[in-house]
Amino acid sequence: QVQLVESGGASVQAGGSLRLSCAFSVFRLDAHALGWFRQAPGQRREGVFCVSAEGKEPGIVSEKGRFTVIRDQAKSFGYLEMNPLVPEDPATYSCGTQLTPWPGCTTRGYDYWGEGTLVHVSS
């Protein structure tokens with residue numbers, strides 16, 4: 001069974017940057033898709049940035065130019081870099097994965113999830 005744990009959530013002033021981390025249980029990370037999702041209070045979870053297995057470029061990105069995904073296979077870590085943060089970004093961010101090369105970037109396409117980490121942006 002695949003397990004994921006997010007970390008790095010914090011309260012950051014608008015215009016600042018933040019890196020969220022996703023630790024995976026032992027498996028070949030580059031053989032599976034990696035996705036980052038966010039859910040604001042009272043809203044549905046939405047895809048933010050998803051990458052395909054072994055992809056050198058992101059497959060789907062909703063915040064081009066502000067969010068970047070990095071996959072570190074050696075350390076079994078996935079990262080979401082957010083720079084700059086804007087007032088609309090506050091939400092609980094979760095990482096997910098699926099045991100297929102590319103399930104897309106919707107919640108129904110991912111079977112394994114972390115519990116999420118909270119991001120707050122002050123202005």
Side-chain angles (χ1 to χ4, degrees):
Q1 190 80 336
V2 178
Q3 294 181 311
L4 303 84
V5 180
E6 303 94 339
S7 62
S11 180
V12 181
Q13 187 173 359
S17 62
L18 193 65
R19 170 182 275 199
L20 305 182
S21 300
C22 181
F24 293 80
S25 58
V26 178
F27 77 106
R28 187 171 179 177
L29 183 59
D30 66 352
H32 312 287
L34 171 64
W36 281 95
F37 300 78
R38 67 183 179 186
Q39 184 173 25
Q43 304 296 319
R44 296 179 179 178
R45 183 180 296 176
E46 62 178 1
V48 175
F49 203 136
C50 303
V51 294
S52 62
E54 301 180 14
K56 296 182 178 180
E57 300 292 336
I60 296 178
V61 56
S62 64
E63 301 292 342
K64 185 177 181 180
R66 296 200 304 116
F67 292 0
T68 302
V69 165
I70 299 174
R71 178 160 47 194
D72 189 332
Q73 181 181 347
K75 298 181 179 180
S76 295
F77 266 77
Y79 304 96
L80 176 66
E81 295 184 339
M82 311 165 67
N83 185 18
L85 289 164
V86 300
E88 293 75 24
D89 289 332
T92 296
Y93 286 74
S94 302
C95 60
T97 192
Q98 178 63 289
L99 303 182
T100 57
W102 181 238
C105 202
T106 59
T107 59
R108 64 187 303 176
Y110 293 77
D111 291 333
Y112 304 95
W113 298 90
E115 294 183 354
T117 185
L118 183 63
V119 173
H120 177 72
V121 180
S122 61
S123 61

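Treat the numbers as computed from the prediction; the structure is a model and nothing was measured.
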Participant: How many angstroms lie between OG in S25 and CG in L4, if you round to the nearest 0.5 Å?
Facilitator: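 It comes to 6.5 Å.
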
Participant: Rounded to the nearest 0.5 Å, how far does CZ of R38 lie from CG of L80?
Facilitator: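 The CG atom of L80 sits 9.5 Å away from the CZ atom of R38.
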
Participant: Between V121 and V12, does a side-chain contact (heavy atoms from CB on, under 4.5 Å) hold up when you go through it step by step?
Facilitator: CA-CA 5 Å; V121 180; V12 181; 5.5 Å; no

Participant: Closest approach of A91 and A40, non-hydrogen atoms and distance?
Facilitator: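 Shortest heavy-atom separation between A91 and A40 comes out as CB-N, 3.9 Å.
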
Participant: Roughly how far apart are H32 NE2 and W102 CH2, rounded to 0.5 Å?
Facilitator: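 Result: 15.0 Å between the selected atoms.
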
Participant: Write down the atom of A33, the atom of Y110, and the distance for their closest heavy-atom approach.
Facilitator: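 Of all heavy-atom pairs spanning A33 and Y110, the closest is CB-OH, 4.1 Å.
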
Participant: Any side-chain heavy atom of D89 sitting closer than 4.5 Å to one from F67?
Facilitator: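 Answer yes - side chains close enough.
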
Participant: Determine whether S7 and T117 satisfy the following criterion, side-chain contact (heavy atoms from CB on, under 4.5 Å), listing intermediate values before the conclusion.
Facilitator: CA-CA 6 Å; S7 62; T117 185; 5.6 Å; no

Participant: Nearest 0.5 angstrom please: D72 CG to Y79 OH, how far?
Facilitator: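 These two atoms lie 5.0 Å from each other.
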
Participant: Does V5 belong to the same Ile/Leu/Val/Met/Phe/Trp/Tyr cluster as V2, with side-chain heavy atoms less than 4.5 Å apart forming each link?
Facilitator: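 No, because V5 and V2 fall into different hydrophobic clusters, even though each may have its own neighbours under 4.5 Å.
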
Participant: For the OG1 atom of T68 and the CZ atom of R19, what is their distance to the nearest 0.5 Å?
Facilitator: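 That separation rounds to 10.0 Å.
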
Participant: Go through it in stages, so that I can follow the logic: the residues are F37 and E46, the test is side-chain contact (heavy atoms from CB on, under 4.5 Å), and I'd like the CA-CA distance, side-chain angles, deciding distance and then a yes or no.
Facilitator: CA-CA 5 Å; F37 300 78; E46 62 178 1; 6.0 Å; no

Participant: Output the distance between atom OG (S94) and atom CH2 (W36), rounded to the nearest 0.5 Å.
Facilitator: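 It comes to 8.0 Å.
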
Participant: What are the two closest non-hydrogen atoms of L34 and G78, and how far apart are they?
Facilitator: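 Residues L34 and G78, closest heavy atoms: CD2-CA, 3.9 Å.
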
Participant: Nearest heavy-atom pair of G15 and P84: which atoms, and what distance?
Facilitator: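 Between these two residues, the closest heavy atoms are O-CB, 3.8 Å.
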
Participant: Y93 pairs by side-chain contact (heavy atoms from CB on, under 4.5 Å) with which of M82, R45, E6, Q39?
Facilitator: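 Single pass found, and it is M82.
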
Participant: Any chain of hydrophobic side-chain contacts (each under 4.5 Å) joining F77 to I70?
Facilitator: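 Yes.
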
